[in-house]
Amino acid sequence: MNVSRAPLPYNPKILELFRNPKNLGKMEDATVTAVAGNPLCGDMITFYLKINDQDVIEKASFESYGCAANIATSSIVTEMIRGMKLEEAWNISYKSVAEAVGGLPSIKFHCGILAVGALKRAIRKYYTRKGAPPSWLSAEPSFEEKQALEEEELAKALSRRMKLEEGK
Amino acid sequence: MVENVKELLKAHAGLKHEVYLDNENSSIVPGEVVEAMLPYYNQRAYGNPTLTHKPGWEAFEVIMESAQRIAGFLGCKTLEEVNFTPGETEANNLALMGTALSMKDKGKKIVISEVEPINVLNVTEMLQKSGYVTTKIPVDNEGFINLERLKAAVDKETVIVSLSTVNHEIGTIQPIKEALKIVKDQNPQTVFHTDASDAYGKIPFNVQDLGVDLATVSSYKILGPRGIGALYVKERVNIEKILEGQIGTQRLWPGVENTPLIVGFTRASELTFQNFEQNTSHLRKLRDKLVDGIVETVPDILLNGPKGDRRAPDNANISFLRCEGEALTIELSLKGVYVSSGSACSRRLLQPSHVLVAIGRKFDEAHGSILMKVASYHTEEDISYALEVIPRAVERIRGITGSTGAE
């Protein structure tokens with residue numbers, strides 16, 4: 001265990017989104033809801049998307065259990081995707097999210113990845129339910145979906161290991 | 001990066017009240033202590049204490065008198081038992097590595113607990129690369145070490161046992177005297193070290209009464225300057241130095257003595273001990289007001305660590321459920337209340353405070369934890385201000401969490 005506390009000089013954009021997040025809160029009439037992360041990791045995001053019959057995101061909102069970077073990246077994603085076609089939204093990468101919040105400290109990159117992971121899960125879930133996945137939606141999980149899954153599995157494994165050690 | 005920090009600082013403009021409760025990680029140095037230090041920078045005793053001139057002899061005199069004062073507060077037999085180091089980290093490194101070096105033919109086993117500070121954990125991990133084996137004694141859900149497991153862990157090969165007197169995160173006051181007896185009954189040659197950084201000045205602590213071989217104390221934890229601490233080394237206990245260089249008055253730590261810091265540490269000790277009872281009851285009163293105030297106003301919380309006399313008087317550690325700790329520290333900072341969190345959020349490894357995990361807190365409970373330590377200069381008004389700010393901050397962060405993770 002090499003525990004360090006890296007300094008976190010968040011930029012003004014992240015601070016602003018942390019203080020005044022956009023599109024915060026549960027959406028009662030959401031077409032699709034998806035989560036990424038796990039409270040065990042200290043990071044979890046829920047996305048709510050309202051999608052019309054043209055496959056356009058009419059509105060998006062979020063809830064987040066996480067740090068300032070997590071809140072800021074979730075918030076910015078909901079702003080970025082509003083009015084987008086799902087295909088367009090699918091092509092958003094965590095890099096563009098990191099850019100949109102004015103850059104992330106390197107140890108916070110996973111927050112951006114998690115936000116995009118939640119978005120892509122929502123899109124996949126929407127088409128899975130519809131039963132007709134478009135050709136641009138790869139059957140293979142995207143980078144962000146994979147990373148989100150990896151983080152969730154890691155947290156669960158660590159938590160299990162802790163419990164085992166406790167019982168020893 | 002610095003530009004970002006400048007902006008973060010600007011966001012704090014116009015704070016009406018500020019309350020610094022992060023005394024675990026650094027502290028203010030009261031004016032009285034700074035005043036005592038200042039003459040030693042440029043008016044007297046600025047020489048090297050090992051050299052043959054007046055400023056050197058002045059430095060020698062004040063360093064020895066300081067060691068004598070601190071030896072008195074610690075209950076040492078002689079002032080030679082006090083070895084100044086640049087702080088707790090260095091004293092703990094010296095204790096563990098120095099003992100490992102001096103006892104290298106006696107065995108390769110080290111015993112610590114699961115709740116020791118990071119510097120102790122990391123030194124033992126480093127020593128493992130040289131063939132040492134570390135046993136970590138588990139603790140109960142209040143942080144008390146399991147004495148039976150301690151007894152089972154110590155044998156003829158155990159060179160050092162290191163257990164903190166007071167846990168740095170949750171304030172648990174360990175039964176050090178009992179632990180020491182168990183260790184010495186198993187192996188009289190085993191060196192017993194205790195990190196007493198959170199005990200010195202906070203609870204009655206006397207090295208001779210306890211009978212420990214080595215004890216770490218730290219200046220900033222009693223509102224002295226950072227960068228100075230000491231390792232008590234009992235007469236006739238043999239440990240080796242771990243850094244090479246010019247040896248001066250400090251036989252275990254080479255380099256030029258930092259006389260002003262030693263004076264500051266001593267002055268802070270005097271201020272702490274001259275009204276010990278009054279100081280500690282003041283701390284306890286403020287800490288209880290803080291904890292009780294939070295319990296009354298904030299739902300869904302867990303108090304971490306023991307209650308009453310089995311806990312250090314300055315320590316409060318609370319988990320706020322459904323409220324991520326790093327976000328809460330930032331929200332509180334923007335309102336002028338400064339605390340730290342056991343959240344893993346500054347780390348990719350996802351592991352929160354090892355102390356909270358060791359007492360059985362689930363990861364999500366540990367991520368929402370806040371550590372606060374009150375100090376003697378705090379007033380009732382300071383605590384009232386913190387109590388005004390904390391419930392609102394928790395409410396806002398919980399508002400962002402919403403129903404996430406609820407199922």
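Here is the naming used below: chain letters follow the sequence lines, and residue numbers restart at 1 for every chain.
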| request: Residue by residue, scan residues 118-128 of chain A and write down, ordered by number, those that have a heavy-atom distance under 4.5 Å to chain B; if none do, write 'none'. | output: none

| task | Taking heavy atoms only and a threshold strictly under 4.5 Å, list by residue number the residues of residues 13-32 of chain A that touch chain B; give 'none' if the list is empty. | result | A/Leu15, A/Phe18, A/Arg19, A/Pro21, A/Leu24, A/Lys26

| Which atoms of B/Glu3 approach chain A - backbone, side chain, both or neither, heavy atom under 4.5 Å | neither

| message | Could you report the tightest heavy-atom contact between A/Gly66 and B/Ala327, atom names first, then the distance? | response | O-CB, 3.5 Å

| field | Region of B/Arg322 that comes under 4.5 Å of a non-hydrogen atom in chain A | value | backbone

| remark: The interface call for A/Phe47 against chain B, heavy-atom contacts under 4.5 Å, is neither

| query | Looking at B/Asn4 and A/Pro12, what are the two nearest heavy atoms and their distance? | reply | OD1-CD, 3.8 Å

| request: Report the residues that fulfil ring-ring contact (aromatic ring centres under 6.0 Å, His included) with B/His12, sequence neighbours left out, ordered by chain and then residue number. | output: none

| field | Neighbourhood of chain B inside residues 82-98 of chain A, taking heavy atoms under 4.5 Å as contact | value | none

| task | State, to 0.1 Å, how close B/Ile330 and A/Tyr10 come at their nearest heavy-atom pair, and which atoms those are. | result | CD1-CE1, 3.5 Å

| field | B/Lys151, NZ atom: more than 12 neighbouring heavy atoms under 6.0 Å | value | no

| query | Does any N or O in the side chain of A/Glu63 come within less than 3.5 Å of the main-chain N or O of B/Ser403, such that one atom is a donor and the other an acceptor? | reply | yes

| If you round to the nearest 0.5 Å, how far is NE2 of B/His367 from CE of A/Met44? | 12.5 Å

| query | Does atom CD of A/Glu58 have more than 12 heavy-atom neighbours, drawn from other residues, nucleotides or ligands, at distances under 6.0 Å? | reply | yes

| Within a reach of under 6.0 Å around NZ of A/Lys130, are more than 12 heavy atoms found that belong to other residues, nucleotides or ligands? | yes

| field | Interatomic spacing from CD1 in A/Ile71 to OG1 in B/Thr401 - rounded to 0.5 Å | value | 7.0 Å

| field | Pairs of heavy atoms under 4.5 Å with chain B: top-ranked of A/Asn11, A/Asn70, A/Asn38 | value | A/Asn11

